[in-house]
Amino acid sequence: MSTVTTTSTSLETGSRNRGPGTRHTASRPVPFTRLVHVELRKIVDTRAGLWMLIVIAAVAALAVGVLLFTGAPEELTFGTFLGIIGLPLVLLLPILGIMAATSEWSQRTGLLTFTLEPRRGRVVAAKLVAGILLGLVLIAVAMAAAALANVIGMTARDGAGSWAVPAGVVIGLVTGLTIFVLQGFGFGFLLLNTPAAIVASLVLSTAWTIASSMSQRLNEIAVWLDLNRVVEPLFSGRMAGSDWAHLATGAGFWVVLPLAIGTWRVLTREIK
Amino acid sequence: MITVENLTKRYGRFTAVDDISFTVRPGSVVGFLGPNGAGKSTAMRMMTGLTPPTSGGATILGQTYRSIPNPGSRVGVMLDAAAQHPGRTGREVLRLTGIQLGVPRSRVEEVLHLVGLTDDEASRRVRNYSLGMRQRLGLASALMGDPEVLILDEPANGLDPQGIHWMRGLLRGFADRGGTVLLSSHLLHEVQVIADELVIIGRGRLVAQGAKEDLLARGGVTARSLDDRALVAAAGASGVTATETAGGVVLDTDAATVGRLALEAGVVLTHLTSGETAGLEEIYLALTSADDREGAAA
């Protein structure tokens, strides 16, 4: 640490050579776009966040590589590649949402976050928007990567190379990813503890899927309340009829409900 | 300007902060002094809207903290230097604050220079920071928005003596240019170096407040002698309150009286001062350890 003597001119705390309190550009609230910018940056600027993105990219690259070398040529289409890249995205991006929600408590950065913006609802909203934006950006990257893989497949393996992707699949990917990211935030805000929220969001829904496959009565309920099941037609682009109602109840229970309770907790909780 | 009025926080049957009132005027550096668990941090969290008070309240620059638009640009707050994400670099922490406040990017380098963090240190992750470096980073973050008021919880904790003097210079300069500073500490000597005025709390209650000199004067006279016990006895016989401490005998009177007492008792004095730390330390300990004593505020 450099030595700073008490007589040094570097003691000036004001940046513009005048006393504190002479500037009043501060009377406007922080624009929401700036909050989103900060929250987006906070998701990816930590070592953990960065590694999460690297892991997502690595898993996707691995899956694409395996498919490229071992898949049958007729399988090598843009749609297949997009589907295989989308999988780690859907599995791991919610964890970024969880970390974004819980780090304010587990790392206690909330002390700073909520003093810089005491209107906590705006912080929660900015986090959600940032998470969804990141999801959209990653889907765009996934599409570019899938296109690249498709070109490689055509040239190197004489793959089918079809570019046809039903619009429903893309919409499904966007909607599905948004649902899972929001679920991550919901569990994060609800539990305010990173490992607990990760375990709860992964284990609970999986346990529910397993349990419902063993019991007829649970199975009937699961049609409406098993998140993994209700998003299935969404990802395959086959949403029809009652699928939407199933999606609404499933997402309501696993996403909207934890998000609502979690937000209420954040708004009312004492921040230490 | 910080105004705290009848601020109270109860957790169930436990009262963490009990009816505290004081003001911090522009141009002054006020030390909020109290032992661990006295309620300093809780009070500061209530001032900054993180903890809802049970009753009473605080205003900063004439309004509640929560109603200040973009509060970070008017009030610099550091509530816990350790509360930083270990995976971010120091510079990144300041960048985030800067983006939110809407200050130019160059401000990051300005405040880094201001708090004495080098380029290399700023590029390291907070995980590898010492407590002293975290304090400097927290202070840098509080200064990012070029605020009028600073609220700092234990800012000198983890700083070496040189660092504490450096902080005094920084905060003194800030106050001299019209700024308002409230800082907390559980160590008297820290606050003595940095602050001009003291607000002392113990067990959630305000026990003394006033200018440092006035409180120091209340510390009486500190004497050391070749026979402290005899001195205490002589003082007792003359009705002067005297206490033996590690730093010598603290007597609740003036230096001349002590000299005369020693002369009459035939005790050789080796040291005689008024307004010394030992005295204030004694008051501080007495005031903050006793449950039932609400010291008459100066």
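Protein chains get the first letters and strands the later ones, always in sequence-line order, with residue 1 at the start of each.
Using a 4.5 Å cut-off between heavy atoms, Leu35(A) contacts chain B through its side chain alone, with no backbone atom that close. Contacts of Thr109(A) with chain B are made by both backbone and side-chain atoms, with heavy-atom separations under 4.5 Å. Of the two parts of Leu111(A), the backbone and the side chain both hold a non-hydrogen atom closer than 4.5 Å to a non-hydrogen atom of chain B. Neither the backbone nor the side chain of Leu61(B) comes within contact range of chain A; no heavy atoms are under 4.5 Å apart. If you measure heavy-atom distances from Arg95(B) to chain A, the contacts under 4.5 Å come from the side chain alone. Only the side chain of Arg45(B) comes within contact range of chain A, judged by heavy atoms closer than 4.5 Å. Heavy-atom distances place no part of Tyr129(B) under 4.5 Å from chain A, backbone and side chain included.
The distance from the CG atom of Leu112(A) to the CG atom of Leu50(B) is 10.0 Å, given to the nearest 0.5 Å. For the atom pair NZ of Lys272(A) and CG of Asp80(B), the computed distance is 12.5 Å after rounding to the nearest 0.5 Å.
Scanning residues 117-134 of chain A against chain B with a 4.5 Å non-hydrogen threshold yields Glu117(A), Pro118(A), Arg119(A), Arg120(A), sorted by number. Among the residues in residues 264-271 of chain A, those with a non-hydrogen atom closer than 4.5 angstrom to a non-hydrogen atom of chain B are Arg269(A), Glu270(A), Ile271(A).
Take Arg88(B) and apply the side chain to side chain donor-acceptor pair (under 3.5 Å) test, not counting sequence neighbours, and it matches Asp45(A). Residues satisfying the side-chain contact (heavy atoms from CB on, under 4.5 Å) test with Glu109(B), not counting sequence neighbours, are Arg91(B), Leu112(B), Asp119(B).
When each of Pro26(B), Pro86(B), Ala82(B), Pro52(B) is checked for heavy-atom pairs under 4.5 Å with chain A, Pro86(B) comes out on top. Here Gly102(B) is the residue among Ser41(B), Gly49(B), Gly102(B), Ser141(B) with the most heavy-atom pairs under 4.5 Å with chain A.
In this structure, the side chains of Arg34(A) and Asn70(B) come closer than 4.5 Å at one or more pairs of heavy atoms. Between His85(B) and Lys42(A) there is no side-chain heavy-atom pair separated by less than 4.5 Å.
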